[in-house]
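A quick write-up on the structure given underneath.
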Amino acid sequence: MTKEFEFLKAELERMKENHTWQDVKQVESMQGPSVTVNHKKVIQLSSNNYLGFTSHPRLIKAAQEAAQQFGAGTGSVRTIAGTFTMHQELEKKLAAFKKSEAALVFQSGFTTNQGVLSSILSKDDIVISDELNHASIIDGIRLTKADKKVYQHVDMSDLEKVLRKSMNYRMRLIVTDGVFSMDGNIAPLPDIVELAEKYDAFVMVDDAHASGVLGESGRGTVNHFGLDGRVHIQVGTLSKAIGVLGGYVAGSKVLIDYLRHKGRPFLFSTSHPPAVTAACMEAIDVLLEEPEHMERLWENTHYFKSRLIQMGFTLTQSQTPILPILIGNEGAAKQFSDQLLSQGVFCTKHCFPDCCKRKSQNTYDYDSRAHQRRTGSGA
Ligand SMILES: Cc1ncc(COP(=O)(O)O)c(C=O)c1O
């Protein structure tokens with residue numbers, strides 16, 4: 001090849017120097033409490049497989065039977081020829097699970113946030129987002145022509161300030177993670193809902209890390225706080241506690257009908273294979289029928305957290321099974337992670353991704369502001 005991407009190569013070199021280059025480890029076994037990495041059995045502390053459902057025999061059996069009966073793939077996007085009966089059955093189950101009128105499944109949690117935000121927001125609206133929201137929310141917001149405001153992490157007076165100044169818009173949409181994926185803290189949803197009701201705003205919660213973890217049978221933060229019926233849009237993922245793949249949005253019938261016609265990932269990307277859909281349906285049944293998985297998750301969380309504190313580690317203010325240990329800088333985090341792996345513990349380092357540090361097209365660079373405040377670094 002005569003032409004090379006020299007500018008990309010230079011960026012990769014810079015990332016290696018800054019220890020933000022990601023040396024992706026390969027898992028050579030089924031996902032579970034322990035996995036094989038580099039031909040060695042190690043303790044798995046890095047996955048989102050909260051309930052161990054990736055290897056639950058009922059899910060595996062459901063996936064096998066569905067593949068046998070309905071094939072390996074669906075051959076079409078949902079709106080052309082790719083909606084099987086089971087896709088709609090799963091959506092009915094998810095709507096009931098989230099105590100909502102209706103639900104719609106997308107290919108992933110990431111595309112759910114992108115699909116929802118990009119289609120419901122217009123130039124007449126404003127979206128108001130917590131500064132530590134997930135990348136998929138940020139990207140979804142970037143796809144819209146709506147005005148954007150970011151409030152300081154879980155800071156209700158900052159949120160109220162923005163709401164007070166936003167009364168002229170057609171819609172004010174507050175968006176928050178239910179459980180923040182990097183810190184493990186729970187959003188102050190009762191306060192957010194109260195403010196939304198006071199200022200006539202809508203609320204969207206991304207419960208990727210709360211579904212299967214918080215609330216009755218893992219219904220998420222909305223149910224956990226007794227707010228069923230008061231949150232307009234609930235997003236969830238099927239890829240974490242549910243143990244398979246996908247994302248969904250639950251809400252009113254009008255919202256779901258609209259997204260079925262306007263949600264671009266739903267319209268333009270092929271539907272989930274039968275094995276995935278059947279395993280997700282089985283997972284919801286298992287959640288409802290086998291409470292022991294959530295009970296064990298919380299027992300393990302309390303035990304692990306108390307032992308980490310006893311050992312002198314610095315933790316975040318996590319209230320959930322996400323237990324980040326703050327190391328301080330990228331180089332030290334990499335070294336710590338490598339040492340853990342050599343001693344039989346698979347604990348991937350997380351650095352603030354370089355891709356989030358760029359200025360967004362909307363001129364506010366809220367990812368790195370939040371990061372600096374959290375770590376006290378200028379990274
Ligand atoms: C808060 C949050 N939302 C959405 C997603 C994306 O979910 P998925 O992995 O299903 O695409 C993640 C994944 O890390 C997440 O943490």
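All of these numbers come straight from a predicted model, not from anything done at the bench.
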Taking [Y]'s backbone N and O only, do any of them form a donor-acceptor pair with [X]'s side chain (distance below 3.5 Å, no angle check)?
X: S29; Y: V35; value: no
X: S46; Y: F346; value: yes
X: R219; Y: L214; value: no
X: T36; Y: H39; value: no
X: N18; Y: T20; value: no
X: S100; Y: A102; value: no
X: D207; Y: A210; value: no
X: S108; Y: T111; value: yes
X: D130; Y: T176; value: no
X: S271; Y: G82; value: yes

Answer yes when [X] and [Y] have at least one side-chain N-carboxylate O distance shorter than 4.0 Å, and no when they do not.
X: D228; Y: K98; value: no
X: E17; Y: R14; value: no
X: E194; Y: K198; value: no
X: E290; Y: R58; value: yes
X: D147; Y: K149; value: no
X: K253; Y: E101; value: no
X: D125; Y: R170; value: yes
X: K349; Y: E330; value: no
X: R296; Y: E299; value: no
X: K40; Y: E28; value: no

Tell me if the [atom1] atom of [X] is crowded by more than 12 foreign heavy atoms within 6.0 Å.
X: K16; atom1: NZ; value: yes
X: K25; atom1: NZ; value: yes
X: Q68; atom1: CD; value: no
X: Q317; atom1: CD; value: no
X: E289; atom1: CD; value: yes

May I ask you to check whether [X] and [Y] show a side-chain donor-acceptor distance below 3.5 Å?
X: H293; Y: Y50; answer: no
X: D124; Y: Y169; answer: no
X: E160; Y: Y151; answer: no
X: N49; Y: T54; answer: yes
X: S76; Y: T74; answer: no
X: N223; Y: T221; answer: no

Could you work out, with ring pair (Phe, Tyr, Trp, His ring centres under 6.0 Å) as the rule, every residue matching W298, not counting sequence neighbours?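 W298 satisfies ring pair (Phe, Tyr, Trp, His ring centres under 6.0 Å) with H302 once adjacent residues are dropped.
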
Linking Ile, Leu, Val, Met, Phe, Trp and Tyr through side-chain heavy atoms less than 4.5 Å apart, which residues share a cluster with F5?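 ILVMFWY cluster around F5 also holds F7, L8.
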
Is [Y] close to [X] at the side-chain level, that is, under 4.5 Å between some pair of heavy atoms?
X: C280; Y: I284; answer: no
X: F110; Y: T237; answer: no
X: M86; Y: P274; answer: yes

Please answer: with hydrophobic residues joined when any side-chain heavy atoms are less than 4.5 Å apart, are [X] and [Y] in the same cluster?
X: I233; Y: F266; result: yes
X: V231; Y: I186; result: yes
X: L163; Y: F202; result: no
X: V203; Y: V235; result: no

When rounded to the nearest 0.5 angstrom, what is the spacing between [atom1] in [X] and [atom2] in [Y]?
X: H272; Y: F106; atom1: NE2; atom2: CZ; result: 11.0 Å
X: R260; Y: T83; atom1: CZ; atom2: OG1; result: 8.5 Å
X: L159; Y: D191; atom1: CG; atom2: CG; result: 9.5 Å
X: I325; Y: C347; atom1: CD1; atom2: SG; result: 6.0 Å
X: Q107; Y: S269; atom1: CD; atom2: OG; result: 4.0 Å
X: K145; Y: K148; atom1: NZ; atom2: NZ; result: 9.0 Å

Run S129 and N133 through side-chain hydrogen bond (donor to acceptor under 3.5 Å, both in side chains) and show every step you take. CA-CA 7 Å; S129 176; N133 277 343; 2.9 Å; yes

Side chain to side chain contact (heavy atoms under 4.5 Å, CB included), paired with I322, selected from N185, V179, D183: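 The residue from N185, V179, D183 that satisfies side chain to side chain contact (heavy atoms under 4.5 Å, CB included) with I322 turns out to be V179.
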
I'd like to know whether F180 forms a ring pair (Phe, Tyr, Trp, His ring centres under 6.0 Å) with H153, so could you lay out the CA-CA distance, the side-chain angles of the two residues, the decisive distance to 0.1 Å, and finally the verdict. CA-CA 10 Å; F180 289 88; H153 182 50; 4.4 Å; yes

Using 30° and 60° as the class limits, which term best fits the ring planes of F336 and F313: parallel, tilted or perpendicular?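 Ring orientation, 0 to 90° scale: tilted.
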
